[in-house]
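Encoded as structure tokens, the structure appears first; notes follow it.
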Amino acid sequence: MKFYIRIVLLAAFLTSLLSAHAQSPTITWDSTVKNLGDSNYEVVFTGKILPGWHTYDLHSDVSSTLVEFEPATGLTLDGDPYEINASKREYDDIFEVEMGTYFDEIILGQKVTLTGEGAVLKGNINWRSCEEENCNSPEDWGFEITIGDPEAAWASVAAGDAADQPVSGDGAGESKTLWGLIIEAVLWGFAALLTPCVFPMVPMTVSFFMKGSGSPAAGRFKASMYGFFIVALYTLPIAAIILITRLVGGDAVTADIFNWLATHWLPNLIFFIVFMIFAASFFGAFEITLPSWMVNKSDRHADKGGLIGIFFMALTLVLVSFSCTGPIVGNVLIRSTAGEFWVPIVTMFAFSLAFALPFTIFAFFPSLLKDLPKSGGWLGSVKVVLGFIEVALGFKFLSMADQTYHWGLLDREVYLAIWIVVFTLLGFYLLGKIRFAHDDELKHVSVTRLTLAIASLSFAVYMFPGMFGAPLKALSGYLPPMHTQD
């Protein structure tokens with residue numbers, strides 16, 4: 001079990017490093033349908049391009065944007081896709097040909113004619129975005145658009161396309177991004193278990209259920225419900241807020257809110273400040289705690305029997321552990337707001353499931369409790385490592401705000417210098433060369449700490465040539481533009 005915990009910690013750390021420079025979608029797409037009369041419609045695709053990036057029109061010689069449609073029952077395509085807003089025709093230094101370039105926004109259209117009362121238009125948009133001389137791999141966005149009467153539209157799909165597999169509406173690039181966020185959320189959930197606020201409560205809680213129940217089966221049921229309530233307490237409030245916003249404002253408002261969160265300077269600046277506060281908390285400067293009356297009130301209700309008592313026990317755990325899990329939950333939510341409206345719900349479910357799962361597993365297999373390592377100074381070290389990662393991730397949000405308003409605070413070499421220092425200090429901390437006030441004296445370096453230190457210092461060395469203009473293509477989707485390099 002000790003080996004398992006070390007592997008989980010190492011995986012969470014390395015995944016955080018990789019996710020720090022994982023490419024987010026460079027264009028956020030939305031679609032609308034205009035009724036032109038006489039069964040004629042115009043489908044409009046609007047793509048919001050990330051600041052500093054550009055993409056290419058439908059007719060460029062290289063890396064042109066491509067709109068593809070699946071055969072559909074109940075409608076016909078009138079001509080080919082076309083551009084609604086004009087591109088900027090200019091010589092492209094990257095591909096060395098003249099190309100039509102879009103900055104900020106690309107709007108495409110397609111006219112269709114209904115042959116019935118309704119139809120579903122399915123397809124995919126493929127594009128490639130570049131930032132200065134750095135270009136992403138081609139990205140995709142899949143769509144399913146209902147035209148005309150929705151009931152008739154899906155009836156035509158069932159009648160004429162029953163043999164085909166339905167598409168989910170997610171492009172390949174978006175699907176990969178979603179799975180990356182889910183995996184990251186799961187690893188953050190396991191990492192939250194290894195914090196000082198949570199880890200000591202695992203054996204205590206499991207032992208309580210097993211000893212306080214009339215039979216092992218009853219204890220397992222109570223522990224399972226305990227885990228279920230933990231998942232519900234993390235997931236349902238987020239889902240309720242997002243769904244209410246969607247019901248009140250509709251798809252367009254929800255998409256605008258998420259796009260605003262992902263691209264506007266104000267929320268990015270707020271996210272940066274929040275991440276720095278979280279990091280300071282993990283370093284031991286202070287603890288982020290909820291009001292004591294809230295915790296005490298929940299704890300009093302936990303003495304009740306039955307499912308109500310178990311619910312309040314789960315609520316007490318969520319509230320008491322907030323000083324450790326709050327920053328992690330904030331990180332999971334903030335990093336998932338660039339996707340569709342349901343992405344934060346899915347990632348929070350993944351996080352809470354990983355967080356709650358050990359309580360149920362140890363209740364079903366109590367013999368595993370003896371393999372758990374004892375609480376100690378290593379739990380504080382986990383918080384510090386997470387603090388360094390929070391600092392690194394936080395500067396991405398300040399960089400977005402800096403690029404939008406051209407403040408000139410985070411030029412490329414300044415950004416790289418901060419990251420190099422952060423991961424170098426993390427490596428020194430893991431080797432015991434740096435100590436915080438709450439740290440125990442490190443008498444020897446374990447294999448786990450040595451492995452993590454090698455990973456952190458190697459990452460810092462990889463970034464160093466970027467200070468002198470090296471492109472660092474693995475980080476091209478994350479770093480400030482090359483034109484900001486001195």
Side-chain angles (χ1 to χ4, degrees), residues 12-26 50-54 93-94 129-137 180 184 262-263 265 268-280 282-283 331 334-335 338 384-431 433-434 452-486:
F13 174 75
L14 294 178
T15 301
S16 297
L17 295 185
L18 293 174
S19 66
H21 60 266
Q23 294 176 349
S24 300
T26 55
L50 286 180
W53 290 82
H54 64 270
D93 294 330
I94 300 175
S129 296
C130 297
E131 182 187 41
E132 296 299 321
E133 66 270 24
N134 295 319
C135 293
N136 271 1
S137 299
E184 182 182 347
T263 59
W265 70 270
N268 279 282
L269 186 59
I270 294 174
F271 292 159
F272 166 73
I273 295 173
V274 169
F275 268 61
M276 294 305 105
I277 294 174
F278 288 166
F282 277 150
F283 289 145
N331 176 56
I334 290 171
R335 286 184 56 74
V384 173
V385 171
L386 295 176
F388 278 108
I389 295 174
E390 292 278 346
V391 170
L393 295 177
F395 274 95
K396 171 60 179 174
F397 299 104
L398 180 60
S399 175
M400 286 292 296
D402 181 68
Q403 292 176 45
T404 301
Y405 270 69
H406 307 290
W407 296 332
L409 299 176
L410 277 181
D411 290 347
R412 190 172 184 270
E413 73 281 354
V414 175
Y415 188 99
L416 281 170
I418 294 172
W419 267 47
I420 291 170
V421 170
V422 166
F423 286 100
T424 300
L425 291 176
L426 174 56
F428 287 158
Y429 173 79
L430 291 166
L431 294 174
K433 304 302 181 183
I434 300 174
L452 293 171
I454 291 173
S456 181
L457 293 173
S458 298
F459 187 53
V461 171
Y462 166 78
M463 291 186 289
F464 188 73
M467 294 287 293
F468 308 100
L472 301 182
K473 293 184 179 180
L475 295 173
S476 61
Y478 201 86
L479 298 177
M482 282 291 294
H483 69 78
T484 65
Q485 181 94 20
D486 284 346

Verdict with reasoning, V461 to I420, per side chain to side chain contact (heavy atoms under 4.5 Å, CB included): CA-CA 8 Å; V461 171; I420 291 170; over 6 Å; no

Side chain to side chain contact (heavy atoms under 4.5 Å, CB included) evaluation trace for L416 with F464: CA-CA 8 Å; L416 281 170; F464 188 73; over 6 Å; no

Considering all heavy atoms of both residues, which atom of [X] and which atom of [Y] are nearest to each other, and what is their separation?
X    : Y    : answer
H54  : E131 : CE1-N, 4.5 Å
A279 : V391 : CB-CG2, 3.5 Å
S129 : T26  : OG-OG1, 2.7 Å
L430 : A453 : CD1-N, 3.5 Å
D402 : L409 : OD1-N, 2.7 Å

Residues that F428 engages under ring pair (Phe, Tyr, Trp, His ring centres under 6.0 Å), provided they are two or more places apart: none

F468 vs E413 side-chain heavy atoms within contact, under 4.5 Å: no

What distance separates [X] [atom1] from [Y] [atom2], expressed to the nearest 0.5 Å?
X    : Y    : atom1 : atom2 : answer
F275 : I270 : CZ    : CD1   : 13.0 Å
Y415 : K396 : OH    : NZ    : 6.0 Å
I273 : L398 : CD1   : CG    : 9.0 Å
F395 : E390 : CZ    : CD    : 12.5 Å
L426 : I434 : CG    : CD1   : 9.0 Å
F271 : F278 : CZ    : CZ    : 10.5 Å

Backbone of [Y] reached by a side-chain donor or acceptor of [X] within 3.5 Å:
X    : Y    : answer
R412 : M467 : no
S456 : L452 : no
W419 : A392 : yes

Close aromatic pair by centroid cut-off 6.0 Å: F397 and F272: no

side-chain contact (heavy atoms from CB on, under 4.5 Å) involving V384 - partner list, sequence neighbours excluded: F283, F388, Y429, F436, H438, D439

Partner set under side-chain contact (heavy atoms from CB on, under 4.5 Å) for A280, not counting sequence neighbours: A285, F286

